[in-house]
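Just so you know, ligand 1 is whichever comes first in the structure, and atom 1 is the first atom listed for that ligand. Index from 1, following the sequence.
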Amino acid sequence: MPENLDLSIVIPVYNEADNLEHLYQRLSKLAELQSLKSEFIFVDDGSSDSSFKTIERLAAIDPRVKGLSFSRNFGHMFALTAGLDASRGRAVITLDADLQHPPEVIPVLLQKWKHGAEIVNTLRIDSAGTAFFKRVTAGTFYRLMQRIARINLPQNAADFRLLDRKVVETLKTVRERGRFLRGLISWVGYKQEFVEYKAEKRLAGQTKYSLGKMIAFALDGITSFSAVPLRFATYLGLLTALISFLYMIYALYQHFFTSHTLEGWTSVMVTVLFIGGIQLIFLGVIGEYLSRVYEETKQRPLYIISRKVGL
Ligand code: UDP
Ligand code: MG
């Protein structure tokens, strides 16, 4: 029988060795965590630095600290998933290892939970520390998602949230690879509340979200919650057909009622290139969805754990 815990804190870690000690100290200082039976689950997402060594060292001095280490880098969403899978608390809080999610907000989350909320989301109030580029791209992405996906995705939502055990158990049954957690959280429903917090600057190191990872994240989000890009092909196809029809009438008129018909190289080229371009774009869109269907059907595990401590 697993022991009963009040709270699990899940922390995805990718090359964050310089932040872990400090994060642990900040968590340890919270009086709420002293009075609650808690566990801190650090999920090392295939770090190449000494992150896991640090986790092992912390686990040796504090039995609340537990650690998992992936066999390679699987990505933030998979690290969060592994943490949720391993957690046993009646409530689970996920937070980043770089201290951009201030642990001091935890008591506020717990308060809302005790008053009946089953999911307590957080909304980031942008500080000067958030890069202009990230603000603009994130803003555009969430506006786009709002329009094309039928899920309500608040802007500035962070992966810093409290989940009730019920919600964690629900999420554990969702094993799709397109792990767009923010979307899934909105999708599962339950009684949700929001808490605002002021994002801090990353303590040490650089963002682990490269531009490539951000694009992959956005594509996962869109394709796992919306088929609108596919439907665009239909709309655009209809529009092109309509234009072609009008052009055909014009061409026939030219042929039968005027004498100058052989010019037209330009219009043929424009049409061929335009339609060719559109076809390539939508082949790409279909490919994006198809590749995801392919990934899902393989049913591979979402992550591979190579080492554990305390679990
Ligand atoms: N992270 C991870 N795997 C990755 C990338 C990031 O586990 O492949 C972790 C990272 O260590 C951090 C959290 O996810 O705890 C958020 O990453 P980061 O702070 O770099 O993203 P940003 O805050 O810049 O969006
Ligand atoms: Mg960060």
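Ranking the protein heavy atoms by distance from atom 16 (C) of ligand 1 puts Asp96 OD2, 3.2 Å first. Here the heavy atom of the protein found nearest to atom 14 (O) of ligand 1 is His76 CD2, 3.2 Å. What sits closest to atom 23 (O) of ligand 1 on the protein, heavy atoms only, is Gln100 OE1, 2.7 Å. Looking from atom 1 (N) of ligand 1 to the surrounding protein, the closest heavy atom is Tyr14 CB, 3.7 Å. Counting protein heavy atoms only, atom 19 (O) of ligand 1 is closest to Asp98 OD2, 2.5 Å. In this structure, atom 17 (O) of ligand 1 lies nearest to the protein heavy atom Tyr209 CD1, 3.9 Å. Among all protein heavy atoms, the one lying closest to atom 25 (O) of ligand 1 is Lys134 NZ, 2.7 Å. Protein heavy atom nearest atom 9 (C) of ligand 1, with residue, atom name and distance: Pro12 O, 3.9 Å.
Relative ring orientation between Phe217 and Tyr209 is described as perpendicular, the plane-to-plane angle rising above 60° on a 0-90° scale split at 30° and 60°.
Taking distance alone, with nitrogen or oxygen atoms compared against 3.5 Å, Gln206 stays at or beyond that limit from ligand 1. Considering backbone and side-chain atoms alike, Ala97 places an N or O below 3.5 Å from some N or O of ligand 1.
There is a side-chain donor-acceptor pair under 3.5 Å between Tyr190 and Thr170. Side-chain atoms of Arg179 and Tyr303 form no donor-acceptor pair, as typed in the model, at a separation below 3.5 Å. The closest side-chain donor-acceptor pair between Ser87 and Arg165 falls under 3.5 angstrom. If you check the side chains of Asn73 and Lys213, you find a donor sitting under 3.5 Å from an acceptor.
Arg300 and Glu295 are not joined by a salt bridge, as no carboxylate oxygen comes within less than 4.0 angstrom of a charged side-chain nitrogen. A salt bridge between Lys37 and Asp6 is absent, with no side-chain N of the basic residue lying under 4.0 Å from a carboxylate O of the acidic one. At a threshold of 4.0 Å, the pair Lys172-Glu169 counts as salt-bridged, since one of the basic side-chain nitrogens sits closer than that to a carboxylate oxygen.
Scanning both residues, Gln192 and Ile185, for their nearest heavy atoms gives NE2-O, 2.9 Å.
Under 4.0 Å from ligand 1, the heavy atoms of Val13 that appear belong solely to its backbone. Contact annotation for Asp45 and ligand 1: only side-chain heavy atoms (C-beta onward) come within less than 4.0 Å of the ligand.
Cluster membership for Met248 and Tyr253, using ILVMFWY side-chain heavy atoms within less than 4.5 angstrom, is shared. Cluster annotation: Leu181 is not connected to Leu123 through the hydrophobic network of ILVMFWY side chains, with a link wherever side-chain heavy atoms come within less than 4.5 Å.
The atoms of ligand 1 that sit less than 4.0 Å from any heavy atom of Asn73 are 3 (N), 4 (C), 8 (O). The atoms of ligand 1 that sit less than 4.0 Å from any heavy atom of Gly75 are 3 (N), 8 (O).
A distance of 10.0 Å separates CZ of Phe180 from OG1 of Thr223, quoted to the nearest 0.5 Å.
Of all the listed residues (Lys208, Met214, Glu16, Lys213), Lys213 holds the heavy atom that lies closest to atom 8 (O) of ligand 1.
By the side-chain hydrogen bond (donor to acceptor under 3.5 Å, both in side chains) test, Asp220 is found to be paired with Arg292, residues two or more places apart in sequence or in another chain being considered.
Note on the Mg ion (ligand 2): protein N, O or S atoms under 2.8 Å away count 2, no waters included.
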